[in-house]
Amino acid sequence: MENQLTAEEITKREMEFDAKIAKGIVVEPKDWMPDRYRKQLLRMMSQHAHSEVVGMLPEGNWLTRAPSLMRKAVLLAKIQDEAGHGLYIYSAAETLGTDRAEMIDQLLSGHAKYSSIFNYPTLNWADMGAIGWLVDGAAIVNQTVLAKCSYGPYSRAMVRICKEENFHNKQGYQIMAYLMKGTKEQQEMAQDAMNRFWWPSLMMFGPHDTNSPNSGDLMKWKVKLQTNDDLRQRFIDRTVPQAEAIGLKIPDPDLKWNPQTRHYDFGEINWEEFNNVIKGNGPCNRLRMKQRRDAHENGAWVRSAALAYAEKHGK
Amino acid sequence: MTQQEALFNYSLRLGDNALVLAQRLCEWCGHGPVLEEDIAMSNMGLDLIGQSRGFYSYAALVEGKDRTEDDLAFLRNEREFFNRCMVEQPNYDFAATMMRSFLYGCLSYLQFRALTKSTDNTIAGLAEKSLKEVTYHVRHSSDWVIRLGDGTDESHQKAQTALDELWHFTNELFEMDESDEVLIKAGIACDLAALRNEWNAMIDEVLLKATLIKPSESGYQSKGGMKGMHTEHLGHLLSEMQFLPRAYPDAKW
Ligand SMILES: [Fe+2]
Ligand SMILES: [Fe+2]
């Protein structure tokens, strides 16, 4: 689209666009937007949608083994919500001019990313608690802020999704709280899940601000409203007391309340591990991609059949 | 057999059918052919888990031995499960999954419709709620049976294979025993034999649109799910489903 505009016109429009955003006006799909804004949003939104969908897999891994009918129903409802989030965010992302099939191709070909947290395995039932509580908890911190972002469809999607994430967060915490009141084995399960999911949850907020190359533009355009480190801190501050309340230990010897800053100080994240998982070398990267690819390939004949039927019957 | 025993058996069986089918649908979660189908199969799974909880709770109440819905779901062995063999059949592929939901769903629909008039208020109430849900399951699965049957050559082939394989489990859907007899007399249960013509008509209508051929009645027909005689598949389904409560008998979840 920008090809038809002269460099001068583009500069002028970009300035108008920046001014509009500074005033807090929401950008809608039909409005003019800089190419880089469109690309950034598409990248973020498709990544987000992929995360919802890939995120169904680690929890789906325990659905058939949920230990009570109530837990099974709640977990299934939760995973179903995530599928709904995926669908909803894909639709919101489509307003930027790329369709869902193309976004999925980018995921399956390894060109698009999804949240690194889902590259960790779920190894006991308490992991369902840890994911709901920590992973959805981290997602809430992120998404509450994204609900105020400058792009209308994304911001509205976040408002709607956050309500459900709160239920996910509660059901996860409830699983953990229940296990901590249970037998010694159940308490060990819960602590084990905590030990494995704590650090990867902190990594969900992305690299240190000093190493976050995209942040500048994103902040100016209100695609991002707070820095990675600020959000991470907010998550830690709200989660530590919850852990303490049910007797879970945070696996970080450096974690302690700082009365001066009124925040928790915490230890250094293992950035080498973080970078490795991002690069595709986490414990489950290959498995998750294989699961998604298999589902997609095994479903190809079903999608073709639906298309063929619709064509035959003019629907 | 007392009416109380019959009612316990009857509720338990309805619970077993719903739970075993729900468990199969849960296996799809995250692996569906399109996201919309993940959502639809989860929907059906959720309905069925809800139905199983309703019927198990009622069975436990009728039995009066302080067992819970979870005791009934997680602490019985395969010979003590009384579901129809149809619902325990593996998912195989999407065609088999939809065909199973369709063939079983049609029976379930007719049965619940009849049970809304049960003289037992709890059964009637549970049937009322389940009927709404199963109406959707039948619509969804029959839409797919038609689309797959009348889609591509490949999908037609797969739908026909699914139908041929699952047909061996259709006769059993109508089996009844002493529990049914006792409850039919009391106006609590419904006579499944009386539903068979309508079931056939429902099936025929969809198969015609789907361009699929109804298999002959002459092949093998399973029997005895309601007596705890199952196919080899159920034991594996249960060992997975029951693992945690069995491994940690003192734990509550
Ligand atoms: Fe979500
Ligand atoms: Fe969630």
Side-chain angles (χ1 to χ4, degrees), chain A residues 49 52-73 75-77 79-84 86-87 90 100 104 124-125 175 178-179 181-183 185-186 189 291-292 294-296 298-313 315, chain B residues 19 22-43 45-46 49-50 52-53 56-57 68-70 72-74 93-95 98 143-144 146-159 237 240-245 247-248 250-253:
Chain A
E52 301 283 355
V53 175
V54 177
M56 296 167 72
L57 297 167
E59 288 179 294
N61 183 40
W62 278 87
L63 187 54
T64 53
R65 290 176 290 172
S68 78
L69 295 180
M70 183 273 277
R71 295 281 178 220
K72 194 191 285 292
L75 184 60
L76 180 53
I79 303 175
Q80 189 193 32
D81 283 349
E82 307 299 6
L87 208 55
Y90 278 129
R100 191 197 335 171
I104 289 174
N124 74 36
W125 168 251
I175 289 174
Y178 216 80
L179 290 172
K181 278 190 265 172
T183 65
E185 283 160 318
Q186 285 176 300
M189 246 180 233
Q291 289 171 316
R292 283 316 309 159
D294 286 352
H296 192 73
N298 294 336
W301 68 271
V302 177
R303 296 189 300 275
S304 316
L307 273 177
Y309 181 84
E311 269 166 31
K312 269 190 232 179
H313 296 268
K315 282 174 192 166
Chain B
L19 180 58
Q23 181 75 1
R24 284 292 183 221
L25 291 171
C26 283
E27 293 170 11
W28 270 104
C29 188
H31 308 280
V34 279
L35 210 40
E36 285 82 349
E37 278 316 295
D38 267 310
I39 294 174
M41 286 191 277
S42 301
N43 248 328
L46 278 167
I49 296 171
S52 75
R53 296 180 70 186
Y56 283 154
S57 299
T68 64
E69 57 176 40
D70 286 331
L72 292 174
F74 294 96
D93 62 16
F94 188 70
M98 285 300 129
D143 278 355
W144 272 111
I146 293 168
R147 246 180 252 146
L148 297 178
D150 192 19
T152 61
D153 289 346
E154 188 185 9
S155 70
H156 177 85
Q157 191 60 51
K158 286 183 150 77
L237 180 146
E240 185 175 339
M241 183 178 85
Q242 298 180 336
F243 147 67
L244 277 171
Y248 303 96
D250 301 329
K252 290 201 168 52
W253 307 92

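What you see below is based on every heavy atom in this structure, not just the backbone, and it leaves out hydrogens, waters and symmetry mates. Letters A, B, ... mirror the listed sequences (proteins, then strands); counts begin at 1.
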Query raised in the report: Is the closest basic N to carboxylate O distance between B:R147 and B:E37 below 4.0 Å?
Result: no
Query raised in the report: Does some side-chain heavy atom of B:W253 sit less than 4.5 Å from a side-chain heavy atom of A:Q186?
Result: yes
Query - Residue pair A:W62 / B:L244, side-chain heavy-atom distance below 4.5 Å - result: yes
Query raised in the report: Hey, which of A:L63, A:L307, A:L75, A:D294 has the most heavy atom pairs under 4.5 Å with chain B?
Result: A:L63
Report summary line: Counting heavy-atom pairs under 4.5 angstrom with chain A, the leader among B:M41, B:E27, B:H31 is B:H31
Query - Min side-chain heavy-atom separation A:I104-A:Y90 under 4.5 Å - result: yes
Query raised in the report: Non-hydrogen atoms of chain B under 4.5 Å away: do they reach the side chain of A:I79, the backbone, both or neither?
Result: side chain
Query raised in the report: Under a 4.5 Å heavy-atom cutoff, which of A:I175, A:L76, A:T64, A:N298 has the most pairs with chain B?
Result: A:T64
Requested in this report: Using a cut-off of under 4.5 Å on heavy-atom pairs, state which of B:L46, B:T152, B:V34 scores highest against chain A.
Outcome: B:L46
Query - Proximal component of B:I146, with respect to chain A [non-hydrogen, under 4.5 Å] - result: both
Query - A:V53 versus chain B, the contacting section by heavy-atom distance below 4.5 Å - result: side chain
Query raised in the report: So which part of A:L179 gets closer than 4.5 Å to some heavy atom of chain B, the side chain, the backbone, both or neither?
Result: side chain
Report task. Name the option with the most non-hydrogen atom pairs under 4.5 Å to chain A; the candidates are B:G149, B:C29, B:G50. Result -> B:C29
Requested in this report: Sort B:Y248 into side chain, backbone, both or neither according to what part of it lies under 4.5 angstrom from a heavy atom of chain A.
Outcome: side chain
Requested in this report: Counting only heavy atoms closer than 4.5 Å, note whether B:A73 contacts chain A via side chain, backbone, both or neither.
Outcome: side chain
Report task. Check whether any side-chain heavy atom of A:R292 sits under 4.5 Å from a side-chain heavy atom of A:M56, and report yes or no. Result -> no
Query raised in the report: Side chain, backbone, both or neither: which part of B:D153 has an atom under 4.5 Å from a heavy atom of chain A?
Result: neither
Query - Nearest non-hydrogen partners of A:K72 and B:M241, listed with the distance - result: NZ-CG, 4.1 Å
Query raised in the report: Which one, A:H296, A:M189, A:E59, leads in non-hydrogen pairs under 4.5 Å with chain B?
Result: A:M189
Requested in this report: Please round to the nearest 0.5 Å and tell me the distance separating atom CZ of B:F74 and atom OH of B:Y56.
Outcome: 9.0 Å
Query raised in the report: Is it true that a side-chain atom of A:E82 and a backbone atom of A:E52 form a donor plus acceptor pair closer than 3.5 Å?
Result: no
**Report entry** A:R303 side-chain N/O to B:P33 backbone N/O, donor-acceptor pair under 3.5 Å
**Finding:** yes
**Report entry** Which atoms of B:A22 approach chain A - backbone, side chain, both or neither, heavy atom under 4.5 Å
**Finding:** neither
**Report entry** Residue, of A:L87, A:L57, A:V54, that accumulates the most heavy atom pairs under 4.5 Å with chain B
**Finding:** A:L87
Query raised in the report: Is it true that a side-chain atom of B:H156 and a backbone atom of B:D150 form a donor plus acceptor pair closer than 3.5 Å?
Result: no
Query - Selection from B:D38, B:N43, B:D93 maximising heavy-atom pairs under 4.5 Å formed with chain A - result: B:N43
Query raised in the report: With a 4.5 angstrom heavy-atom cut-off, which part of A:A300 approaches chain B: side chain, backbone, both or neither?
Result: neither
Query raised in the report: If you tally heavy-atom pairs under 4.5 Å against chain B, which of A:N61, A:L69, A:V302 wins?
Result: A:L69
Report summary line: Ranked by heavy-atom pairs below 4.5 Å to chain B, first place among A:A66, A:S68, A:P67, A:G299 goes to A:P67
Report summary line: d(B:I49 CD1, B:L25 CG) to nearest 0.5 Å is 9.0 Å
**Report entry** Interface moiety of B:W28 toward chain A, non-hydrogen atoms closer than 4.5 Å
**Finding:** neither
Query raised in the report: Between A:T183 and chain B, which part of the residue has a heavy atom less than 4.5 Å away: side chain, backbone, both or neither?
Result: side chain
**Report entry** Whether B:F94 and B:W144 hold their rings parallel, tilted or perpendicular, with breakpoints at 30° and 60°
**Finding:** perpendicular
Query raised in the report: Looking at B:Q242, B:R24, B:E240, which one has more heavy-atom pairs under 4.5 Å with chain A than the rest?
Result: B:E240
Query raised in the report: Can any side-chain N or O of B:R53 pair as donor or acceptor with the backbone N or O of B:D70 at less than 3.5 Å?
Result: no
